[in-house]
Amino acid sequence: MPEITSTYDADPSDEQISKWQKEQDELRERHETRDRLDFDPENLQEIKYVAGVDLSFPPGDEENAVACLVVLSMPDLKIVYKQFLETKLYLPYIPGFLAFREVEPLLELIKELKINQPEFYPQVILVDGNGLLHPRQFGIASHLGVLSDLPTIGIAKTFLRIPGELDSVSEIKNEYKKVLKKKGDYMNLIGTGSGTTYGCALRTSDNATNPVFVSQGHRISLQTSIKVVLALCPQYRIPEPIRAADLESRAYVRAQDAMLK
DNA sequence: GCGACAG
DNA sequence: ATCTTGTCGC
C-alpha cells in the first residue's frame, strides 16, 4: 500500500519534493522518445482508436475530482467509449509534480478499459499537460505513458517555463506569435543550455491564434506527435480527445451537483 | 520580499 | 483546475 506522506493542506516538505524528483528521475529511465507504435507514422489511417483523459472538479473543491477516459474512433472522431471515476485527491496541485496528484485515477480507468472493453484499447492517449516539456523532462504525459506502457502525447494549453532552458516566457511568446501563421505551423522549443528539443508550440487552428504546447509523452517522436495532433484538430484548438474528456467530465460534475450530492 | 506557477 | 461577461464569426 502506498504510504501517505503528506496531508492535503500541508505544503510538501523538502524531503517529499526530493523523493518525488527521485521518482521522476528513476521512471525517466524507462521513458522512450522514439516511435514504438502499432501503426505506421506515415499512414495515420492505421489508427483506429485514440483516447483522451482529463479531470474536473466541483467549483471551489480541490479534492473531489471526476476523472474521465474517452476513446474516439478514427477518422470520424466519434466517442465509442467513456468512463468516469469519482476520486478523492490527497495532494494539492504543485507545478512540476502534477502526476503525483492526478495519475492514479487515470491509470485505474485505463486498467478498467483493458479488462472490460479491450476492443477499444487505444493506440495512443492524449494527456492534458506536458510530457518532455518539463523541468525534469518527465511530466504527467510521460508518467502515464511509462506506467501504462502506452504511447502518450502531452498537450498543454499554457506554457510551462523550464528554468535554465526555456526561461524567457515573453521572448518565446513573441517569437511564436510572429512565426505561427496558419494551422500546422509549429515552432520547436529548444533549451538554451542543453540544445534539447523539449516540444513545440503548434498552431492547431486557423482561427485560434494561441498554439498548444505539444511534447512527447512516451513511445512516440515529436514529429509523429505533431501529425497525430493535427489529425485530431479538425475544428478546434484543443485536440478532440482532450476536448471530449474535458466536456464529458465537466458535464458529469454538473450532474453530480444537480443531485445535491 | 516578490513574482512565477502544466492542471 | 474554476468563475464571469461580453464580443465576434460562422
Side-chain angles (χ1 to χ4, degrees), chain A residues 8-9 11-12 17 20-21 24 28 52-69 84-107 125-145 152-173 183 189 191 198-202 205-218 225 229 234-239 241-243 245-257:
Chain A
Y8 188 86
D9 290 318
D11 282 340
I17 294 285
W20 284 336
Q21 289 179 339
Q24 288 175 331
R28 196 178 58 213
V53 290
D54 195 23
L55 275 78
S56 287
F57 301 78
D61 187 338
E62 289 273 292
E63 304 188 36
N64 297 293
V66 172
C68 174
L69 166 69
F84 305 93
L85 181 63
E86 297 180 20
T87 182
K88 193 170 178 66
L89 303 182
Y90 292 94
L91 295 169
Y93 164 64
I94 303 160
F97 303 97
L98 177 62
F100 295 98
R101 171 170 161 85
E102 296 191 347
V103 85
E104 206 50 55
L106 300 179
L107 281 170
I125 304 187
L126 273 70
V127 184
D128 212 332
N130 294 299
L132 240 189
L133 183 54
H134 178 275
R136 283 164 300 284
Q137 294 120 55
F138 201 75
I140 188 170
S142 322
H143 207 125
L144 184 66
T152 53
I153 300 171
I155 303 290
K157 295 181 284 296
T158 61
F159 178 69
L160 176 64
R161 182 174 160 272
I162 299 181
E165 288 282 79
L166 295 163
D167 269 304
S168 177
V169 177
S170 56
E171 275 179 33
I172 292 167
K173 197 170 182 174
K183 176 175 178 177
L189 298 164
Y198 283 87
C200 73
L202 172 66
S205 149
D206 286 326
N207 300 319
T209 188
N210 284 336
V212 295
F213 302 90
V214 178
S215 63
Q216 293 160 265
H218 186 51
S225 300
V229 169
Q235 190 168 7
Y236 302 104
R237 178 173 81 114
I238 305 301
I242 299 244
R243 191 168 166 272
D246 179 62
L247 292 171
E248 291 289 345
S249 58
R250 283 206 228 197
Y252 189 101
V253 169
R254 278 201 309 272
Q256 263 185 337
D257 183 59

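Quick note: numbers below take in every heavy atom, side chains included, and nothing from hydrogens, waters or symmetry partners. Every chain is numbered from 1, with letters handed out A, B, ... down the list of sequences.
- At the heavy-atom level, A:Phe159 lies under 4.0 Å from the strands shown only through sugar-phosphate atoms.
- Note: CZ (A:Arg254) to P (C:dC3) measures 9 Å, nearest angstrom.
- Within the 4.5 Å cutoff, the side chain of A:Leu202 has no heavy atoms near those of the A:Phe213 side chain.
- A cation-pi arrangement is not found for A:Arg28 relative to A:Phe138, the charged atom failing to lie both closer than 6.0 Å to the ring centre and inside a 45° cone about the ring normal.
- One interatomic measurement links the two molecules: CD1 of A:Ile238 to C1' of C:dA1, which rounds to 14 Å at whole-angstrom precision.
- The side chain of A:Arg101 lies closest to B:dG7, out of C:dT2, B:dC5, B:dG7.
- Proximity of A:Ser56 to the phosphate of C:dT2: a side-chain N or O atom is located under 4.0 Å from OP1 or OP2.
- We find that CD of A:Glu102 is positioned 9 Å from P of C:dA1, with the value rounded to whole Å.
- Under 4.0 angstrom from either OP1 or OP2 of B:dG7 there lies at least one side-chain N or O belonging to A:Lys157.
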**OP:** Take A:Glu165 and A:Tyr198 through the side chain to side chain donor-acceptor pair (under 3.5 Å) test and state the conclusion after the steps.
**Re:** CA-CA 9 Å; A:Glu165 288 282 79; A:Tyr198 283 87; 2.6 Å; yes
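- Protein atom CZ of A:Phe57 is 12 Å distant from nucleotide atom P of C:dC3, rounded to whole Å.
- For the pair A:Lys157 and A:Asp128, the salt-bridge criterion is met [side-chain N within less than 4.0 Å of a carboxylate O].
- Side-chain contact check for A:Glu248 versus A:Phe84: some heavy-atom pair is nearer than 4.5 Å.
- Summarising the geometry, the separation between CD1 on A:Ile172 and P on B:dC5 is reported as 11 Å, rounded to the nearest angstrom.
- At the heavy-atom level, A:Gly96 lies under 4.0 Å from base atoms of the strands shown.
- Look at CG on A:Leu91: it is 22 Å from P on B:dC5, rounded to the nearest Å.
- Of the candidates B:dA6, C:dA1, C:dC3, the closest approach to any side-chain atom of A:Thr158 belongs to B:dA6.
- Checking C:dC3, B:dA6, B:dG7 against the side-chain heavy atoms of A:Asn130 singles out B:dA6 as nearest.
- For the pair A:Asp61 CG and B:dG7 P, the interatomic distance rounds to 19 Å; values are reported in whole Å.
- As rounded to whole Å, 12 Å separates atom P of C:dA1 from atom CD1 of A:Ile140.
- Taking a centre distance below 5.5 Å and an interplanar angle below 30 degrees as the stacking criterion, A:Tyr93 stacks against the six-membered base ring of B:dG7.
- Across all strands, A:Phe97 comes closer than 4.0 Å to base atoms (heavy-atom distances).
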